[in-house]
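What follows is one structure encoded as structure tokens, with my remarks underneath.
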Amino acid sequence: MTITEVHAPNPAAGDADRPIGYGRIQRKEDPRFVRGKGHYVDDIVLPGMLHGAILRSPVAHARLVSIDTSRALAHPGVVAVITGQDLLGLKLAWAPTLSADVQAVLVTDKVRFQGQEVAFVIAEDRYAARDALELIDVDYDVLTPVIDARHALDPGAPVIRDEIEGRTDNHIFDWEAGNAAETDAVFASADVIVKQEIVYPRSHPAPMETCGAVADFEPIEGALTLYETSQAPHAHRTLFAIVSGIPEHKIRIVSPDIGGGFGNKVGIYPGYILAVVGSIVTGRPVKWVEDRSENLMSTSFARDYIMQGEIAATKEGKILALRTNVLADHGAFNATAQPTKYPAGFFHIFTGSYDLEAAHCKVTGVYTNKAPGGVAYACSFRVTEAVLLVERMVDILARKLEMDPAELRLKNLIKPEQFPYKNKTGWEYDSGNYERALRLSMEMAGYDELRREQKEKRARGELMGIGISFFTETVGAGPRKHMDIVGLGMADGAELRIHPTGKAVVRISVQSQGQGHETTFAQIVAEEIGIPPEDIDVVHGDTDQTPFGLGTYGSRSTPVSGAAVALVARKVREKAKFIAAAMLETRPEDLEWEKGRWFVKGDPSVGKTMAEIAMGAHGTVTLPEGIDGNLDAEVTYDPPNLTFPFGAYICVVDIDPGTGHVKVRRFIAVDDCGTRINPMIIEGQVHGGLTDGVGMALMQFIEFDESGNNLGGSFMDYLIPTAMEVPNWETGFTVTPSPHHPIGAKGVGESATVGSPPAILNAVVDALAPLGVTHMDMPCTPARVWAAMQGRATPPI
Amino acid sequence: MQISMTVNGDEITREIEPRVLLVHFIRDDLRLTGTHWGCDTSNCGTCVVLMDGVPVKSCTVLAAMADGRAITTVEGLASGTTLDPVQQGFMEEHGLQCGFCTPGMMLTARALLDQNPHPDDTEIREAISGQICRCTGYATIVRSVKWAADHPAVEEIAGEEVPA
């Protein structure tokens, strides 16, 4: 077998840029997946297991007048029907969200979005449970919904959360970052100011596997085992303990193989809680797996930001300042998953990759009659929205100044010598060489040649566009002193054991949804202690088997858990030195390390391998004082700062002037995620994110009509890119290690999702420039592009 | 009602409710959980199985419609311990991440290669265009199918290969 990595030659790549831990190896998880032996939640069958199904509201805003479950209960196979009134008795009708709000588990008073949970049927099989949903009679008193966030704060707007005492409006929060006065002063004296409203429409992560759970409550021990689609099993365990009153040591959360997450599986949904209640009530295990419409209509949406952007610059093209007011639609319950202090996530990295004099952002969150959520879909806690804003504004400025957008960016990018760079809203970027990445992407694209081609095509009336996006991410949250989710500090644990025969098991607190943790984390350990990856088992996803930690989202697995794994391996390596010294009857300070082996300085033939040391640790060697008879260690890693991956993307589109159909012809992506571990996996992460970008830019849109009907409630209506909509990705990389991360890695899971939509959108607007179009909002569907071509571009509300 | 079919070469006969979907029959009755369910509307293709060698979306086929037919699921791709080249190709070229769409993708690829042993990129993309993958961005799936086309017979299962 010969596989060569597909990437552009990187003139800057030297030995320091080599991938670590054996580089491109096949994934350890693949043999089970290609045989159809993955083990997902819906594959679990327990003895006596029942099936649950949720009745959902057909309307967006309504008083619940009555529910009659008698016909459903009489249906053959139905064991129980649970309503909001039943949950009130158990004090489980409302559950805390991840944003200090509460969410109804089942409706008790009022429906607040279409698809909201109204009743839960438990039956002997899934068909009977579904049948019984049709037999529940509900009387709704329909109310006027609030659908357009722009009108949520209007005087007299219906109050969605009227169950909260004293609440008279739909306002959730105001939050700001940067310095308003300084920014205003810079704007006041700037040569050029450009303004634009930019809408990031509501989207949905839509992993292939929907959300689901199997709850198994054992009444004698009072113990709960909950198998669920969770990206954060430990955090879920703590929250379930708080919500249910079941002591935390009696709760075991198991996240088996997860069929994609993308942020969709961070929160705790009513369905999970209902499965638990169902198991407690019936005394039998209960499975609940949502269908696709339930997934799209009720679980965590993404984006939905209306951003008023303003950028100030000199007439020579020096960008001076950026400011924005954002209206954030959070749906009916504030259930965003993000660090407590940051209600708008990390949106305040909207200054992007540019050296500015001043910046200010203000975000206002509002309730609407739509599904809750908001931080989901590989957004790195709202960096997606931030990057779209700044990259559109820079392009619009370039157009105003009649400058090439690449040239304008090159003029304003933060320079390598400015790192660590403190931006104007409080971030400290760890490292970067932005110009190198942008120039590499331009070289790969043949940028000048593309512009020549475009000129020729424009002369013939053809619509060809070239779009650039340069993004800086902020990922790998904590540090814990600044960042927590519902009080749980954002840190992650790792535990490493070397068995007597030299084989290892590493237990991690994060959970893979397809990212390949079983491979990557074994590679990190392999690099540190010299045992090959195939001899290292990675255990994850089971709270009884792994140390505590906050889980996988916000591209934090490699930056946080990856650091924990590197450090625990170093701890074991250090311990091994003392044991090797005892075995060799020498002093530890006389030993030297080479991959996999401690040996006597000056005499490399005398040494002990890790396997020999492991046997020694568990054997009969007299160990030095203070050294336990094992070769194990554990750590919890609290990151000192976030990491800042970055990249330069270039997209080429052709638009059919007759239909408005956008074809992505080429996409060039240069990513810098610091030290690279498995290049094959990195490339896969980037490809997936780029496809998400095509989806968001061209197709995916969770739209509502004025009555609050979700118009994107199935894959017939919510369009996902297939193999026909995406090009063959052209990827390249640079390597700028993070100075504060133990192995220099920065994380890459969300880079492409964050960075690609503005490149595509900029390309579309560039293509339409000859028609006088200066901006349009995503998604660039044929109909919306056609409208823009006619001068009738509309925001996607 | 009673139905009989061949599943991965085995003759089976079962009593079923007439309305049972093929995907549920395969997963719940036969306990072959490699076939997944993803959308209900024939859009995502994670439920694809081969019926008489032709890819079908088993979420929109009644089990009764498979009566007398030959069904191949992902569990039937390998013969004994020898993987189908398509399975090997997906491992070689990183054609999967979460693994959820993978069984359907591989079965479609197998059917394509049976008809067209040397498809080009466009033919592969067209063949899988009725199926969705949320992780890979498709390029590595295309490469995986090409790998299989280039290695029609794989002698034995390769494990994780670690270059020295």
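We name chains A, B, ... by the order of the sequence lines, and we start the count at 1 in each one. Because the structure is a prediction, the values reported are computed rather than measured.
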- Task: Could you tell me which portion of Leu77(B) (side chain, backbone, both or neither) has an atom closer than 4.5 angstrom to a non-hydrogen atom of chain A?
- Result: neither

- SB check Arg31(B) Asp43(A) (cutoff 4.0 Å): no

- Query: What part of Thr691(A) gets closer than 4.5 Å to chain B, counting heavy atoms only: side chain, backbone, both or neither?
  - Reply: side chain

- Between Thr35(B), Asp28(B), Thr122(B), Val86(B), which shows the greatest number of heavy-atom pairs under 4.5 Å with chain A? Asp28(B)

- Query: Is the backbone of Met724(A) close enough, under 3.5 Å, to the side chain of Arg125(B) for a donor and an acceptor to pair up by distance?
  - Reply: no

- Task: Supply the atom-to-atom distance His36(B) NE2 to Met208(A) CE, rounded to the nearest 0.5 angstrom.
- Result: 10.0 Å

- Query: So how far is it from Thr140(B) OG1 to Trp729(A) CH2, rounded to the nearest 0.5 Å?
  - Reply: 11.5 Å

- Which portion of Val142(B) sits near chain A, non-hydrogen atoms under 4.5 angstrom: neither

- Verdict with reasoning, Arg134(B) to Asp692(A), per salt bridge (charged side-chain N to carboxylate O under 4.0 Å, His left out): CA-CA 8 Å; Arg134(B) 301 289 286 140; Asp692(A) 284 325; 3.4 Å; yes

- Query: Is a side-chain N or O of Gln97(B) found less than 3.5 angstrom from the main chain of Gly684(A), in a donor-acceptor match?
  - Reply: yes

- Item | Any side-chain heavy-atom pair of Val20(B) and Tyr127(A) under 4.5 Å | yes

- Message: With a 4.5 angstrom heavy-atom cut-off, is it the side chain or the backbone of Arg32(A) that approaches chain B, or both, or neither?
- Response: neither

- Message: Taking side chain as everything from C-beta outward and backbone as N, CA, C, O, which of these in Gln523(A) sits under 4.5 Å from a heavy atom of chain B? Side chain, backbone, both or neither.
- Response: neither

- Top residue by heavy-atom pair count (under 4.5 Å) with chain B, among Lys37(A), Gln515(A), Arg126(A)? Arg126(A)

- Message: Can you tell me which portion of Thr41(B) sits under 4.5 Å from chain A's heavy atoms? Options are side chain, backbone, both or neither.
- Response: both

- Task: Find the distance between CG (Asp257(A)) and CZ (Phe100(B)) and round it off to the nearest 0.5 Å.
- Result: 10.5 Å

- Message: Report which part of Ile258(A) has an atom under 4.5 Å of a heavy atom belonging to chain B: side chain, backbone, both, or neither.
- Response: backbone

- Of the listed residues (Cys135(B), Pro103(B), Gly34(B)), which shares the most heavy-atom pairs with chain A below a 4.5 Å separation? Cys135(B)

- Message: Counting heavy-atom pairs under 4.5 Å with chain A, which one of Ile128(B), Val74(B), Leu96(B) comes out on top?
- Response: Leu96(B)

- Task: Count the heavy atoms of every other residue, nucleotide or ligand shown that sit under 6.0 Å from CD of Glu17(B), and state whether that count exceeds 12.
- Result: yes

- Message: Is there a side-chain contact between Thr210(A) and Trp37(B) in this structure, where contact means two heavy atoms from C-beta onward sitting under 4.5 Å apart?
- Response: yes

- Task: Report the distance from atom OH of Tyr718(A) to atom SG of Cys39(B), rounding to the nearest 0.5 Å.
- Result: 14.0 Å

- Message: Quick check on Gln513(A) against chain B: is it the side chain, the backbone, both or neither that has a heavy atom closer than 4.5 Å?
- Response: backbone

- Task: Check each atom of Glu725(A) against the heavy atoms of chain B and say whether the ones under 4.5 Å are side chain, backbone, both or neither.
- Result: neither

- Item | Leu107(B) versus chain A, the contacting section by heavy-atom distance below 4.5 Å | neither

- Based on non-hydrogen pairs under 4.5 Å, which of Asp131(A), Thr519(A), Val694(A), Leu296(A) is most in contact with chain B? Asp131(A)

- Any donor-acceptor pair under 3.5 Å linking the side chain of Tyr138(B) with the backbone of Pro721(A)? yes

- Query: Do Gln26(A) and Glu92(B) meet the criterion of a side-chain donor-acceptor pair at a distance under 3.5 Å?
  - Reply: yes

- Query: Roughly how far, to the nearest 0.5 Å, is OG1 of Thr102(B) from CZ of Arg35(A)?
  - Reply: 13.5 Å

- Message: Can you tell me how far apart CD (Gln87(B)) and CG (Asp30(A)) are? Round to the nearest 0.5 Å.
- Response: 11.5 Å

- If you tally heavy-atom pairs under 4.5 Å between each of Ser512(A), Ala206(A), Gly695(A) and chain B, the highest tally belongs to Ala206(A)

